[in-house]
Asks: 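Please read through the structure below; I'll follow up with questions.
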Amino acid sequence: MQLRVLGSAAGGGFPQWNCNCFNCDGLRRGTIVAQARTQSSIAVSSNGLDWLLVNASPDVLAQIRANPELQPARAIRDSGIAAVLLMDAQIDHVTGLLMLRERSSALPVMATAEVFSDIGAGFPLTKILSHYCGIQVLPMLPDGSVQNVPGLTDVQIRPIVLSSKPPPYSPFRNQPRPGDNIGLVIENPVSGARVFYAPGLGEITPEILTLMASCQTVLVDGTCWSGDEMLRQGLSKKTSAEMGHLPQSGPGGMISFLDLLPPGVRKILIHINNSNPILRDDSAERAELTAHGIEVAFDGMDLVF
Ligand code: MLT
Ligand code: MN
Ligand code: ZN
């Protein structure tokens, strides 16, 4: 089984079009050691031909071009993307659905009822797409049970409820509902190997930690290094926690939780905001991650399990 990181950056990507922070400006000028990253998405396959796209990034067309495996060219109109699964209704995870509108049949989309409610109203993607290919609505209950993925028979997906935040446009932004954000356990039913994927993770409960400890690899929220990083750089008025993302450093930060996992578990951060110093390969913060055995995802990264 294969998991390909298509986009490892948070909303905005790296560099972000209108941003001249130390990282974005430095990347454009070539004065920092870092690589560009597109917005948050992964793809999963058991045969290398049929893929589950997890999150539809605004960068999905560039991601398909950069990953030719997603275009197996079996017919005059074709795609390796058999279905899409949405982890939340954030702009960086759903906007790419619009780019897939030329599909010749309804696009199978797996999501919770809460996510379907946001993309049916606040950001009416399902309505808009009904005038193009249309969406096949495949509701998921985030209760940890195995979900059938259309077109992918031997990939097991278990969605679980996570604490984070629905998007700013959601009427439920300040009254989060279970199901606004999910985590995924992706399992190879043959080997039993499991990957935990959670690009938006606001809180790690004892149950989530136990689940993470049962996985071979965890691919988790790497949005911000410190809670006030965007405030301090004058980029935003919101803390990481207010956006539903647990920062990495400090007491109760992501690193302190990852340190509790058994030594065999591979730990990778994903969904990294352009303000985060860990994007610089030679930063002190990156060295600190390395000392804790934590990796930073990059576009094109492959996990085989
Ligand atoms: C988030 O997860 O908070 C997003 O990256 C925000 C966005 O897409 O604008
Ligand atoms: Mn995001
Ligand atoms: Zn920036």
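Fair warning: this is a prediction, and the values are worked out from it, not measured in the lab. In listed order, ligands and their atoms are each counted from 1.
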Asks: Does ligand 1 have any atom sitting under 4.0 Å from a heavy atom of His271?
Replies: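 In this structure, His271 qualifies as a contact of ligand 1 - some heavy atom is under 4.0 Å.
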Asks: Taking the Zn ion (ligand 3) as the center, what protein N, O or S atoms are found at less than 2.8 Å?
Replies: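 As for protein N, O or S atoms lying under 2.8 Å from the Zn ion (ligand 3), they are Cys19 SG, Cys21 SG, Cys24 SG, Asn274 OD1.
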Asks: Please answer whether the main-chain N or O of Pro166 pairs with a side-chain N or O of Asp180 as donor and acceptor at a distance below 3.5 Å.
Replies: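 Pair absent, no side-chain N/O of Asp180 close to backbone of Pro166.
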Asks: For atom 3 (O) of ligand 1, what's the nearest protein heavy-atom neighbour? Residue, atom name and distance, please.
Replies: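 Protein heavy atom at minimum distance: His245 NE2, 2.9 Å.
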Asks: Scan side-chain atoms only and decide if Asn276 and Asn273 contain a donor-acceptor pair under the 3.5 Å cut-off.
Replies: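 No, no side-chain donor-acceptor contact under 3.5 Å.
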Asks: Restricting to non-hydrogen atoms, name the atom on Leu235 and the atom on Cys19 that form the minimum distance, rounded to 0.1 Å.
Replies: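 Closest heavy-atom pair between Leu235 and Cys19: CD2-SG, 4.0 Å.
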Asks: Taking the N/O/S atoms of His271 one by one, which is nearest to the Mn ion (ligand 2)?
Replies: NE2
Asks: Do you see a donor-acceptor pair shorter than 3.5 Å between the side chains of Gln63 and Thr38?
Replies: yes
Asks: Heavy-atom contact under 4.0 Å between Gln39 and ligand 1?
Replies: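 No.
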Asks: I'd like to know if the side chain of Ser57 reaches the main chain of Gln39, judged simply by a donor and an acceptor atom lying under 3.5 Å from each other, with no hydrogens or angles considered.
Replies: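 Confirmed, Ser57 side chain pairs with Gln39 backbone.
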Asks: Quick check: closest heavy atoms across Arg286 and Leu279, and the distance to 0.1 Å?
Replies: NH2-O, 3.9 Å
Asks: Please name all residues satisfying salt bridge (charged side-chain N to carboxylate O under 4.0 Å, His left out) with Asp299, sequence neighbours left out, ordered by chain then number.
Replies: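 Checked Asp299 against salt bridge (charged side-chain N to carboxylate O under 4.0 Å, His left out); zero matches.
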Asks: Specify which N/O/S atom of Asp92 comes nearest to the Mn ion (ligand 2), by atom name.
Replies: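 Of all N, O or S atoms belonging to Asp92, OD2 is the one nearest the Mn ion (ligand 2).
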Asks: Short N/O distance, under 3.5 Å, between Gly11 and ligand 1?
Replies: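 Checking ligand 1 against Gly11, an N or O pair does fall under 3.5 Å apart.
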Asks: Considering non-hydrogen atoms of the protein only, which is the closest contact for atom 6 (C) of ligand 1, and what is the distance?
Replies: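 The closest heavy atom on the protein side is Gln90 OE1, 3.7 Å.
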Asks: To the nearest 0.5 Å, what is the distance between CG on Leu201 and CG on Leu219?
Replies: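 So the CG of Leu201 and the CG of Leu219 are separated by 11.5 Å.
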Asks: Is it the case that over 12 heavy atoms from other parts of the model lie below 6.0 angstrom from the CZ atom of Arg74?
Replies: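 Yes, enclosed.
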